[in-house]
Amino acid sequence: IVQWTPFFQTYKKTRYPWVQLAGHQGNFKAGPEPGTILKKLCPKEQMCFQVLMKDALRPFVPEYKGYITTDDGELYLQLQDLLSEFSSPCVMDCKIGVRTYLEEELAKAKEKPKLRKDMYEKMIQIDSNAPTEEEHRLKGVTKPRYMVWRETISSTATLGFRIEGIRKSDGKSSKDFKTTKTKEQIIEAFRDFTDEFPDVIEKYIRRLQDIRNTLQVSKFFATHEVIGSSLLFVHDQKNAGVWLIDFAKTVILPSDVKINHGSEWIVGNHEDGYLIGLNNLIDVFAEMTKI
Ligand code: ATP
Ligand code: MG
Ligand code: MG
């Protein structure tokens, strides 16, 4: 059990522990205005938020309130705290897409592929059968090989999303989903996430459908490769919401490339599998309402 509360937040006279389910500790701070947080500024992400504030997707992303420099001289984005309207919320971060690295990161890793002993070690720690005979003999794997393999240990490569972390209303949290891969395992985790308030499943389905409809008309979505971005699920006794967060690896598509976010990714075609993940999420929640 991991408790990850980098700071306390105060909103409408209540004080609550803020929840961070992914990323580096130290990337987030309480915001200067009530109901806001600060995230370390990355220019790519800032660009995305600026565009998103004028896009059809605006209601589905945290409000971007500009950037500020803190006393220590660091730049931060000021964002709406999606937790502030909830009381003792359950929170889940699902990273969307069939891969979590950019085409350019894979291309760079392929430039001078050295055999990496550290990556081989990580690989056999998770699955001693993963390396080929030759890789076993050499006790090393290349970085591109490792990058592609790593997406197959969770549901990323197959379902187009993976669970990054879950926190329940009682404060118990887990980030132990690195090898949560099958639909059955996902359903088990989602069941646990929603067990106090099973009615939220229907609310999540409706909200995810709204997101899907809006993505179809979003200019931002049509022109970006969305990598490493998450859907943040938040619910309490009364309300439920889902928002798109984390655009640090979302990049504008080359002008001669069009993607539909639903086709298979083939190295170089820039497909991110965002809609594969979203559709599977909706299907999994829908299946849960039937059993
Ligand atoms: P990584 O790239 O490793 O996923 P990151 O540093 O880019 O991490 P984010 O993914 O944007 O950070 O956010 C990390 C976590 O912080 C999320 O999983 C979520 O729990 C929380 N979080 C981020 N943005 C918000 C927000 N606007 N409101 C509430 N919680 C947020
Ligand atoms: Mg993230
Ligand atoms: Mg990120």
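Excluded from the calculations below are hydrogen atoms, water molecules and symmetry mates; all remaining heavy atoms, backbone and side chain alike, are included.
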Novice: Looking only at atom types and distance, does a side-chain atom of His261 sit under 3.5 Å from a main-chain N or O of Phe221, one as donor and one as acceptor?
Specialist: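 Yes, His261 side chain to Phe221 backbone: donor-acceptor pair under 3.5 Å.
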
Novice: Roughly how far, to the nearest 0.5 Å, is SG of Cys90 from CD of Gln237?
Specialist: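 So the gap between those two atoms works out to 10.5 Å.
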
Novice: Please walk me through it: do Tyr204 and His235 pass ring pair (Phe, Tyr, Trp, His ring centres under 6.0 Å)?
Specialist: CA-CA 9 Å; Tyr204 279 145; His235 69 267; 5.5 Å; yes

Novice: Taking Glu151 first and then Arg162, would you say they form a salt bridge - that is, a charged N and a carboxylate O separated by under 4.0 Å?
Specialist: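 Yes, Glu151 and Arg162 are salt-bridged.
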
Novice: How many angstroms lie between atom CG of Leu231 and atom CG of Leu278, to the nearest 0.5 angstrom?
Specialist: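 Taking CG in Leu231 and CG in Leu278, the distance rounds to 6.5 Å.
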
Novice: Go through the steps for Cys94 and Phe177 under the test side chain to side chain contact (heavy atoms under 4.5 Å, CB included), then give the verdict.
Specialist: CA-CA 10 Å; Cys94 287; Phe177 298 102; over 6 Å; no

Novice: Looking just at side-chain N and O atoms, do Glu225 and His270 make a donor-acceptor pair shorter than 3.5 Å?
Specialist: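 The criterion, which ignores hydrogens and geometry beyond distance, is satisfied for His270 and Glu225.
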
Novice: State the CD-OG1 distance between Glu105 and Thr100, to the nearest 0.5 angstrom.
Specialist: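 Here the rounded value is 8.5 Å.
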
Novice: Looking at Arg116 and Asp118, does any basic side-chain N land under 4.0 Å from a carboxylate oxygen?
Specialist: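 Judged by the 4.0 Å cut-off on N to carboxylate O distance, Arg116 and Asp118 do form a salt bridge.
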
Novice: Go through the side-chain N and O atoms of Ser229 and Asp246 and say whether any donor and acceptor fall under 3.5 Å apart.
Specialist: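 No - no donor-acceptor pair under 3.5 Å links their side chains.
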
Novice: May I ask you to decide if Ser263's main-chain N or O and Asn260's side chain share a donor-acceptor pair within less than 3.5 Å?
Specialist: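 Flag set: sc Asn260 to bb Ser263 pair under 3.5 Å.
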
Novice: Enter the distance from Glu287:CD to Asn280:CG here, rounded to the nearest 0.5 Å.
Specialist: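 One gets 10.5 Å once the value is rounded to the nearest 0.5 Å.
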
Novice: Given 3.5 Å as the limit, does a donor-acceptor pair link the side chain of Asp236 with the main chain of Ser87, or not?
Specialist: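 Looks like yes, one N/O pair under 3.5 Å.
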
Novice: For a quick check under 3.5 Å, do Ser169 and Glu196 share a side-chain donor-acceptor pair by atom type?
Specialist: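 Per modelled atom types, Ser169 and Glu196 side chains form a pair under 3.5 Å.
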
Novice: Taking the six-membered ring for Trp, are Tyr16 and Phe8 closer than 6.0 Å centroid to centroid?
Specialist: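 Between Tyr16 and Phe8, the centre distance exceeds or equals 6.0 Å.
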
Novice: Would you mind telling me which of Glu45, Gln46, Gln80 makes a side chain to side chain donor-acceptor pair (under 3.5 Å) with Tyr64?
Specialist: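 It is Gln46; the other options fail the test.
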
Novice: What distance separates Gln9 CD from Leu83 CG, expressed to the nearest 0.5 Å?
Specialist: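 Answer for the CD-CG pair, Gln9 versus Leu83, is 8.5 Å.
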
Novice: Has Lys40 got a side-chain atom pairing as donor or acceptor with Leu75's backbone, closer than 3.5 angstrom?
Specialist: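 Side chain of Lys40 to backbone of Leu75: no pair is present.
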
Novice: What's the shortest heavy-atom distance between Asp272 and His224, and which atoms?
Specialist: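 Closest approach of Asp272 to His224, heavy atoms only: OD2-O, 4.2 Å.
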
Novice: Would you mind telling me which of Asn27, Leu77, Ile68 makes a side chain to side chain contact (heavy atoms under 4.5 Å, CB included) with Leu38?
Specialist: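 Running side chain to side chain contact (heavy atoms under 4.5 Å, CB included) over Asn27, Leu77, Ile68 with Leu38 returns exactly one hit, Ile68.
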
Novice: Does Lys181, at its NZ atom, have more than 12 non-hydrogen atoms belonging to other residues, nucleotides or ligands within less than 6.0 Å?
Specialist: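 Enclosed.
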
Novice: Taking Asp93 for its side chain and Leu21 for its backbone only, find out whether a donor-acceptor pair lies under 3.5 Å.
Specialist: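 Looks like no, no N/O pair under 3.5 Å.
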
Novice: Report yes or no: do Gln78 and Thr36 form a side-chain donor-acceptor pair below 3.5 Å?
Specialist: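 Present: a donor and an acceptor within the cut-off.
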
Novice: I'd like to know if the side chain of Arg167 reaches the main chain of Pro89, judged simply by a donor and an acceptor atom lying under 3.5 Å from each other, with no hydrogens or angles considered.
Specialist: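 Here the side-chain-to-backbone pair exists.
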
Novice: Quick one: name the residues clustered hydrophobically with Val141, using the 4.5 Å side-chain heavy-atom rule over I, L, V, M, F, W, Y, and just say none if it's on its own.
Specialist: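 Besides Val141, the cluster holds Met119, Tyr120, Met123, Ile124, Ile126, Tyr146, Trp149, Ile153.
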
Novice: Under 4.0 Å between a side-chain nitrogen and a carboxylate oxygen: does that hold for Lys172 and Asp170?
Specialist: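 Salt bridge present between Lys172 and Asp170.
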
Novice: Measuring from Leu244:CG to Thr250:OG1, what's the distance to the nearest 0.5 Å?
Specialist: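 It comes to 9.0 Å.
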
Novice: Does Thr10 use its side chain to pair, donor to acceptor, with the backbone of Thr14 at less than 3.5 Å?
Specialist: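 Judged by distance alone, no pair lies under 3.5 Å.
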
Novice: Can you tell whether the side chains of Lys178 and Glu164 come within less than 4.0 Å, N to carboxylate O?
Specialist: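 No, this pair does not count.
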
Novice: Do side-chain atoms of Asn213 reach the backbone of Asp210 as a donor and acceptor pair under 3.5 angstrom?
Specialist: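 Checked: no pair found.
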
Novice: Does any donor atom in the side chain of Asn279 or Tyr274 lie under 3.5 Å from an acceptor atom in the other side chain?
Specialist: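 Note: Asn279 and Tyr274 side chains miss the donor-acceptor criterion.
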
Novice: For this output row, return yes or no: ring centroids of Phe7 and Trp18 closer than 6.0 angstrom.
Specialist: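 Yes, close enough.
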
Novice: Within the distance-only criterion (no hydrogens, no angle test), does the side chain of Gln20 pair as donor or acceptor with the backbone N or O of Thr5 below 3.5 angstrom?
Specialist: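 No: the side chain of Gln20 does not pair with the backbone of Thr5.
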
Novice: Could you list who else is in Leu138's hydrophobic cluster, with ILVMFWY side chains joined at under 4.5 Å, directly or through other members?
Specialist: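 Leu115, listed by chain and number.
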
Novice: What heavy-atom pair brings Ala56 and Val217 nearest, and what distance separates the two atoms?
Specialist: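 So the minimum-distance heavy-atom pair works out to CB-CG2, 4.1 Å.
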
Novice: Walk me through whether Leu208 and Phe285 qualify under side chain to side chain contact (heavy atoms under 4.5 Å, CB included).
Specialist: CA-CA 10 Å; Leu208 290 170; Phe285 277 116; 3.9 Å; yes

Novice: Salt bridge or not for Lys117 and Glu121, using N-O below 4.0 Å?
Specialist: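 Here Lys117 pairs with Glu121 in a salt bridge, since their nearest N and O are under 4.0 Å apart.
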
Novice: In the hydrophobic clustering that connects Ile, Leu, Val, Met, Phe, Trp and Tyr at side-chain heavy-atom distances below 4.5 Å, which members other than Val148 occupy its cluster, ordered by chain and number?
Specialist: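 Answer for Val148: Val98, Tyr101, Leu106, Met147, Trp265, Val267, Ile276.
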
Novice: Regarding Lys183 and Asp283, does a basic nitrogen lie under 4.0 Å from an acidic carboxylate oxygen?
Specialist: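 Answer for the salt bridge query: no.
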
Novice: Hey, are Ser174 and Asp176 close enough side-chain-wise for a donor-acceptor pair under 3.5 Å?
Specialist: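 Looking only at side-chain atoms, Ser174 and Asp176 do not form any donor-acceptor pair under 3.5 Å.
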
Novice: Donor-acceptor pair, distance only, cut-off 3.5 Å: does the side chain of Lys168 make one with the backbone of Asp192?
Specialist: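 Yes, Lys168 side chain to Asp192 backbone: donor-acceptor pair under 3.5 Å.
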
